[in-house]
Amino acid sequence: MPVNDDEVLRVAARGDGVTADGRHIAFAAPGDRVTPEGTIVPGRHHQTPPCKHFPECGGCQLQHLDDISWSQFIADRIAGALAAQGLEADIRAPLLSPPNTRRRATLHAERRGRQVRLGFTRQGSHELIDVEECWILAPELFALVAPLRGMLAALIPGTRRINVHLAQTDQGPDVLIDGLEAEGLAAAEALSAFSHRHHLARLSIDEGFGPSARYEPEPVTVTLGGVPVPFPPGNFLQATPEGEVALVAAVQEIAGKAKAVADLFAGLGTFTFAFPRAKVYAAEAARDPVMALKAAAGQAGRAVFAEHRDLFRRPVTAGDLSNFDAVILDPPRAGAREQVAEIAKSAAPLVAYVSCNPSTFARDAEILCKGGYRLDWIRPVGQFRWSTHVELAARFSR
């Protein structure tokens with residue numbers, strides 16, 4: 001069937017539709033047609049965005065795509081990044097998190113006259129969108145937005161912008177406000193009353209010297225692999241429960257039979273605690289999460305050795321890695337070039353690479369493949385609903 005020049009064939013990395021003749025059209029979906037005047041004629045993969053704030057709000061970029069075209073966008077992003085390094089792989093169907101499942105997010109707040117705006121920034125701008133609805137946040141977290149707006153109206157001085165970090169924990173919502181100076185008895189009473197009224201697990205303030213809990217009736221935890229792990233304020237947590245389940249399942253499929261596992265960039269232990277029968281070495285550069293992981297492992301009686309270690313400056317050596325049946329790594333967006341170079345020289349038979357950036361993943365994958373590994377398959381995970389943000393888990397073997 002011939003393709004017309006005005007038909008949108010795919011979605012580019014930043015979310016624009018790309019026509020057959022190479023034009024980039026904002027908010028176009030595959031199957032749409034573009035008239036000579038630039039008007040979009042919706043095709044079968046173009047859906048009506050559910051949120052009133054789209055496309056102004058920067059929380060979402062792809063609400064105009066249905067799940068079929070969003071899945072294809074995710075797979076194309078990964079395939080394109082691999083092709084740029086001369087690689088290809090079996091890319092499985094992406095696992096997509098449903099709407100309203102985000103259990104971790106950062107909002108911004110600022111005063112405008114007597115009112116406080118609270119929300120995400122506008123696409124490509126620092127301007128705040130004062131959110132009245134949200135189709136990505138978990139209901140328990142979005143329910144705090146209006147009350148937080150009211151509380152902050154009494155506490156935010158001048159026009160200073162502050163950040164509000166929200167996370168859903170075992171005990172309920174965890175709130176960390178940074179950039180706010182909340183001194184004095186009146187402020188303390190306001191924070192405590194708000195926390196009690198809205199059943200918070202904890203409320204912390206960071207005035208520039210690190211988070212300090214102002215309300216925490218009991219220790220706050222997140223359960224990982226059946227183990228309750230202390231949760232430091234503002235710490236990393238997989239964005240949705242469904243995303244965590246998908247990534248853990250992929251890593252367990254890769255390394256489930258391993259008796260000795262190295263978990264690099266371990267964080268709080270999302271993957272460390274997924275291997276209850278294995279001996280696990282867990283390395284993490286951030287002090288608070290690795291101490292939380294260590295405490296939880298000791299309490300649960302798990303065979304875990306946790307080390308506070310900067311894997312960029314001091315990667316685990318190839319010789320040490322050769323003692324493990326499987327290596328897991330989940331680096332930040334910059335990837336793990338230095339650590340991957342050591343893995344590539346090791347004799348470890350299996351590598352599970354979890355990535356939040358297809359470009360740096362592909363760069364690191366090339367290093368592993370040149371070192372003798374095969375890239376067997378990739379499981380994409382779409383836990384940032386309607387976002388251009390792509391995550392994956394990949395299996396390498398030798």
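Because the structure is predicted, anything quoted here is derived from the model rather than measured.
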**Item:** Derivation and outcome, side chain to side chain contact (heavy atoms under 4.5 Å, CB included), residues Leu180 and Leu152
**Value:** CA-CA 9 Å; Leu180 179 68; Leu152 292 172; 4.2 Å; yes

**Request:** Dump the intermediate steps for side-chain hydrogen bond (donor to acceptor under 3.5 Å, both in side chains) on His126 and Thr121, then the final yes or no.
**Result:** CA-CA 6 Å; His126 294 295; Thr121 54; over 6 Å; no

**Message:** Let's go through Glu391 and Arg333 carefully: what are the C-alpha distance in whole Å and the side-chain angles of both, what is the deciding distance for salt bridge (charged side-chain N to carboxylate O under 4.0 Å, His left out) to 0.1 Å, and is it a yes or a no?
**Reply:** CA-CA 10 Å; Glu391 300 195 325; Arg333 290 187 58 78; over 6 Å; no

**Message:** Evaluate Cys356 against His389 for side chain to side chain contact (heavy atoms under 4.5 Å, CB included), listing each step before the verdict.
**Reply:** CA-CA 7 Å; Cys356 60; His389 189 87; 3.8 Å; yes

**Message:** Assess the residue pair Gln171 and Thr221 against the criterion (side-chain hydrogen bond (donor to acceptor under 3.5 Å, both in side chains)); give the C-alpha distance rounded to whole Å, side-chain angles, the decisive distance to 0.1 Å, and a yes or no.
**Reply:** CA-CA 7 Å; Gln171 291 75 26; Thr221 60; 3.0 Å; yes

**Message:** Working note: Ser355 + Asn357, criterion side-chain hydrogen bond (donor to acceptor under 3.5 Å, both in side chains); need CA distance, chi angles, decisive distance, verdict.
**Reply:** CA-CA 6 Å; Ser355 171; Asn357 184 338; 5.9 Å; no

**Stepwise salt bridge (charged side-chain N to carboxylate O under 4.0 Å, His left out) test for Glu284 and Lys294** = CA-CA 11 Å; Glu284 167 58 44; Lys294 185 177 295 188; over 6 Å; no

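Between Val11 and Leu65 there is a side-chain heavy-atom pair separated by less than 4.5 Å. Taking the side chain as every heavy atom from C-beta outward, Arg395 and Leu375 never approach each other to under 4.5 Å. Inter-residue side-chain proximity for Thr360 and Arg363 is flagged as met; some heavy-atom pair is nearer than 4.5 Å. Residues Val354 and Leu329 have side chains not in contact (no heavy-atom distance under 4.5 Å, counting atoms from C-beta outward). Looking at heavy atoms from C-beta onward, Leu118 lies out of side-chain contact with Leu128 at the 4.5 angstrom threshold. Side-chain atoms of Thr35 and Asp6, non-hydrogen and from C-beta on, never get closer than 4.5 Å to each other. Contact annotation: the side chain of Ile74 approaches that of Leu96 to within less than 4.5 Å [non-hydrogen atoms, C-beta and beyond]. At least one side-chain heavy atom of Pro217 sits under 4.5 Å from a side-chain heavy atom of Tyr215.
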Would you list the atom pairs, donor with acceptor, under 3.5 Å between side chains in residues 312-320 and any protein atom, with sequence neighbours excluded?
from, atom 1, to, atom 2, distance (Å)
Arg314, NH2, Glu307, OE2, 3.2
Thr317, OG1, Asp320, N, 3.3
Thr317, OG1, Asp320, OD2, 3.4

Side chains of residues 264-279: which donor-acceptor pairs under 3.5 Å do they make with residues two or more places apart or in other chains?
from, atom 1, to, atom 2, distance (Å)
Thr272, OG1, Asp263, OD2, 2.6

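Rounded to the nearest 0.5 angstrom, Lys257 NZ and Leu350 CG are separated by 10.5 Å. To the nearest 0.5 Å, atom NE2 of residue His198 and atom CE of residue Met151 are 8.5 Å apart. Residue Ile25 holds its CD1 atom at 8.0 Å from CG of Asp16, rounded to the nearest 0.5 Å. Note that CZ of Arg10 is 14.0 Å distant from OG of Ser69, once rounded to the nearest 0.5 Å. One distance of note links CG of Leu107 with CG of Leu166; it measures 5.0 Å at 0.5 Å rounding. A distance of 9.0 Å separates CG of Leu176 from CG of Asn163, quoted to the nearest 0.5 Å.
In terms of modelled atom types and a separation under 3.5 Å, the side chain of Gln63 and the main chain of Trp386 share no donor-acceptor contact. At least one donor-acceptor pair closer than 3.5 Å links the side chain of Arg104 to the backbone N or O of Leu237. Under a 3.5 Å cut-off, the side chain of His308 and the backbone N or O of Ala285 do form a donor-acceptor pair. Of the possible polar contacts, none joining the Gln72 side chain to the Pro30 backbone as a donor-acceptor pair under 3.5 Å is found. Judged by distance alone, with hydrogens and angles left aside, the side-chain atoms of Arg111 form no donor-acceptor pair with the main-chain N or O of Val116 at under 3.5 Å. With hydrogens and angles ignored, the 3.5 Å screen pairs no side-chain donor or acceptor of Glu242 with any backbone N or O of Ser97. Remark: side-chain polar atoms of Arg214 are not paired, donor with acceptor, to backbone N or O of Glu189 under 3.5 angstrom. Within the 3.5 Å criterion, the main-chain N or O of Ser346 finds a donor-acceptor partner in the side chain of Arg398. In this structure, the side chain of Arg14 does not engage the main chain of Thr388 through any donor-acceptor pair within 3.5 Å. For the pair Asn100 (side chain) and Leu137 (backbone), a donor-acceptor distance under 3.5 Å is present.
Within 6.0 Å of atom NE2 in His24, more than 12 heavy atoms from other residues, nucleotides or ligands are found, so the atom counts as buried in its surroundings. In this structure, Arg92 places its CZ atom where more than 12 heavy-atom neighbours from other residues, nucleotides or ligands lie under 6.0 Å away. In the displayed structure, Arg337 atom CZ is contacted under 6.0 Å by at most 12 heavy atoms of other residues, nucleotides or ligands.
In this structure, Tyr353 and Phe396 have tilted ring planes: the angle between them lies in the 30° to 60° band. Using cut-offs of 30° and 60° for the angle between ring planes, the Tyr281 and Phe305 rings count as parallel.
When hydrophobic clusters are built by joining Ile, Leu, Val, Met, Phe, Trp and Tyr residues whose side-chain heavy atoms come closer than 4.5 Å, directly or via intermediates, Val220 is grouped together with Leu293.
Taking the charged nitrogens against the carboxylate oxygens, Lys52 and Glu132 do have a contact shorter than 4.0 Å, which makes a salt bridge. Arg23 and Asp21 are joined by a salt bridge, as a carboxylate oxygen and a charged side-chain nitrogen come within less than 4.0 angstrom of each other. A salt bridge links Asp67 to Arg385: one of the charged nitrogens lies within less than 4.0 Å of a carboxylate oxygen. Contact check on Asp130 versus Arg149 returns a salt bridge, with a Lys/Arg side-chain nitrogen under 4.0 Å from an Asp/Glu carboxylate oxygen. No salt bridge links Glu88 with Arg374; every basic N to acidic carboxylate O contact stays at or beyond 4.0 Å. Comment: Glu338 does not engage Lys345 in a salt bridge, judged by the lack of any side-chain N to carboxylate O separation of less than 4.0 angstrom. For Asp174 and Arg202, the salt-bridge test passes: some basic side-chain N is under 4.0 Å from an acidic carboxylate O.
Smallest separation of non-hydrogen atoms from Gln383 and Leu247: NE2-CD1, 3.9 Å. Leu62 approaches Gly15 most closely through the heavy-atom pair CD2-CA, 3.7 Å. In plain terms, the two heavy atoms of Leu155 and Ala187 that are nearest each other are CD2-CB, 4.0 Å. Taking every heavy atom of both residues into account, Val381 and Ala246 meet most closely at CG2-CB, 4.0 Å. Of all heavy-atom pairs between Leu141 and Arg102, the closest is CD1-O, 3.7 Å. What you find for Ala348 and Tyr373 is that their closest heavy atoms are O-OH, 2.6 Å.
For His46 and Asp66, the side-chain atoms include no donor-acceptor pair closer than 3.5 Å. A donor atom on one side chain and an acceptor atom on the other are found under 3.5 Å apart for Glu133 and Trp135.
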